[in-house]
Amino acid sequence: MQAIAFESVDFSYGEDSAFRIKNLNFTVEEGEFVAVLGHNGSGKSTLARLANGILTPDGGKVSAFGIPAEGKNLYEVRKKVGVVFQNPDNQTVASIVEDDVAFGAENVGTPREEIGKRIEFALKAVGMEEYRHATIARLSGGQKQRIAIAGVLALKPGVIILDESTAMLDPRGRREIMEVVKRLKEEEGLTVVLITHFMEEALMADRAVVMNRGEIVMQGTPQEIFSRSEDLITYNLVLPRIRYIEQRLNEGGMSVGGTLDTQILAEEIARCVS
Amino acid sequence: MKDVAFGQYYPVESFVHKLDPRLKLLFLIAYIVAIFVATNFYGLAVCAFVLILAVAFSRVPVLKVLRAIRGVLFLVLFTAVLNVLFHTGETVYWQYGILCISKEGILFSVFFVIRLVLLVVCSSLLTYTTTPVSLTDGIESLLTPLKWIRFPVHELALIMSIALRFIPILSDETGRIMNAQKARGADFETGGLIKKIRAVVPILIPLLLSAFRRADELGEAMDARCYMGSKNRTKYKKLTFGWRDAIGFLLGAAMVTGVVLLRVYLTGVV
């Protein structure tokens, strides 16, 4: 089953906008973890907004789990495709944690007892059980963003899209979110689309997709993508640190590489040096 | 900065804090009515007694409660003086033209001062003991009958709670913008009134702009979480009416009855 499917999608923000998406085909299989990379204005956030029907394509078809994102089905698609946005402060509705997590479930008419269970489940999934009655304004950025993820999880989505959800966080908050994402994928079997410009975050994905000017320009495993360093640079992307170190070592005459694992790289370097 | 804006809520656990916000709101209305129904000192004494009881059980320090009066002190004194000078009576102590000080005038003005003080203390007790969030919930619940005439009760309540949610965020942001403007040489402290008002403009415009941007993003996030208005919406939090509320209700009912009876049977004491 395809969790998200774009079939020759066209989109623009109006006539005089320079940015446009033309004939975009993109699919995410159920259970997959896809990282979408691209510099500012590459169209990666537009992708997220098209996927859950906040934006409507000018042409082509967007569907989630076989349900087309249009007309009456729009809310079905939004239930299936959860989006966590960039700014933690601008996506929480209520002042108290549990009230905010409940918001989505309340919107779709979930019975009361069920909402209670979902809040429990969602907060546990993001590791915030003790904060159920806390005031959101007093939480850290990482914690707020975990609450935002919980709010999406309370809708029981099939796929969760993180639209640069770590961009405004400090390194610690970023790590917190990535741990939660990893756990959701492994333990809940959730399909994850991670939109980011931090290359490190893409390393744990099954597949990486690079976007540039509204087009998908590269696709493959993170390994494959990051081995094409020249191409990445043309799309204004920087290499993950580990890849950068490998490259410099190779330029210096060592022959290491082909790995994205620090441990293996360390062993290789040790071998070369001795 | 984060705690500044949360009204004057006094966070302790007490009998009054745990009361249903709807009951507290209705009690305040009943109290206001009772104060104005009371036409003699006995009636007011009943009201005062009930309020003292409420303050005692709220565990809010008396000094803090009395501080609420400070804001209206001028108004209270001003009306008291006017009442003394213009109220005519039989036992006149001093007269000059239309101004006269009489026994009845003094009594009337004391009566009026007590009324105002009780009114202010009772309403501030509500905000001392109820969080803005539960106050909003209470208002929403009480307004529910208005849904019959298609009044958007749910939307109104949502607007109120979102506004409350953004107060700390926007107040933080105001601080940040002020610092940013100060770093660029803006001067907020010196100068006259006009100059100070003008200095506010470079804070207000970025703040407004950012508020709009936030509203836009919030709307998108709400859409993404399937918000479709009040249609088919369920509510997780339910307000429950417990034994405390029953006691509160009985007390309020007894107070109103007492005041009415005192008015009927003891007319003309003041």
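The sequence lines fix the lettering, A, B, ..., with proteins before strands; numbering per chain opens at 1.
- Using a 4.5 Å heavy-atom cutoff, the side chains of A:N87 and B:E217 are in contact.
- When all heavy atoms of B:Y236 and A:R112 are compared, the closest pair comes out as O-NE, 2.8 Å.
- Listed here is the closest heavy atom pair of B:A224 and A:F85: CB-CE1, 3.9 Å.
- No option in B:R233, B:K237, B:K231 other than B:R233 meets the salt bridge (Lys or Arg N to Asp or Glu O under 4.0 Å) test with A:E106.
- The contact between A:A105 and chain B is made entirely by backbone atoms, counting heavy-atom distances below 4.5 Å.
- At most 12 heavy atoms of other shown residues, nucleotides or ligands fall within 6.0 angstrom of atom CZ in B:R198.
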Could you walk me through whether B:L158 and A:V93 pass the side-chain contact (heavy atoms from CB on, under 4.5 Å) test, one step at a time? CA-CA 9 Å; B:L158 189 71; A:V93 182; 4.0 Å; yes

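- Rounded to the nearest 0.5 angstrom, A:N107 CG and B:M222 CE are separated by 7.0 Å.
- Separating the CG atom in B:D137 from the CG atom in A:D99 is a distance of 7.0 Å, to the nearest 0.5 Å.
- In this structure, the portions of A:F103 lying under 4.5 Å from any heavy atom of chain B include both its backbone and its side chain.
- Distance alone, capped at 3.5 Å, places no donor-acceptor pair between the B:S161 side chain and the A:A94 backbone.
- Residue contact with chain B, scored on non-hydrogen atoms closer than 4.5 Å, involves the side chain of A:N52 exclusively.
- Between B:R214 and A:N90, the closest heavy-atom pair is NH1-OD1, 2.8 Å.
- Of the listed residues (A:E114, A:K79, A:Q86, A:E98), the greatest number of heavy-atom pairs within a distance under 4.5 Å of chain B belongs to A:E98.
- With a 6.0 Å radius and a threshold of 12 heavy atoms from other residues, nucleotides or ligands, A:K182 has its NZ atom at or below the threshold.
- Under a cut-off of 6.0 angstrom, the local environment of NZ in A:K117 is sparse, with at most 12 non-hydrogen atoms contributed by other residues, nucleotides or ligands.
- Heavy atoms of B:D223 lying under 4.5 Å from chain A belong to its backbone as well as its side chain.
- For A:I119, the part lying near chain B is the side chain, with the backbone staying farther off; criterion is any non-hydrogen pair under 4.5 Å.
- Heavy atoms from other residues, nucleotides or ligands lying under 6.0 Å from CD of B:E13 number 12 at most.
- The number of heavy-atom neighbours closer than 6.0 Å to CZ of A:R132, taken from other residues, nucleotides and ligands shown, is above 12.
- Only the side chain of A:A102 comes within contact range of chain B, with heavy atoms under 4.5 Å apart.
- In this structure, B:E220 CD and A:L55 CG are separated by 6.5 Å, a value rounded to the nearest 0.5 Å.
- Put simply, of A:G53, A:G109, A:G116, the one with the most heavy-atom pairs under 4.5 Å next to chain B is A:G109.
- The environment of B:F249 atom CZ is sparse: at most 12 non-hydrogen atoms of other residues, nucleotides or ligands sit within 6.0 angstrom.
- Formation of a donor-acceptor pair under 3.5 Å by the B:R225 side chain with backbone atoms of A:Q91 is found in this model.
- Summarising the geometry of A:R78 relative to B:C226, their closest heavy-atom pair is CB-SG, 3.7 Å, with the distance given to 0.1 Å.
- Contact of A:D100 with chain B is made through backbone and side chain together, with heavy-atom distances under 4.5 Å.
- Within a 6.0 Å radius of CZ in B:F57, other residues, nucleotides and ligands contribute 12 heavy atoms or fewer.
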Verdict with supporting geometry, A:T92 and B:R165, side chain to side chain donor-acceptor pair (under 3.5 Å): CA-CA 9 Å; A:T92 40; B:R165 145 126 192 64; 2.3 Å; yes

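- Residue B:F166 qualifies as enclosed at atom CZ: its count of foreign heavy atoms under 6.0 Å is above 12.
- Only the side chain of B:I169 has a heavy atom closer than 4.5 Å to any heavy atom of chain A.
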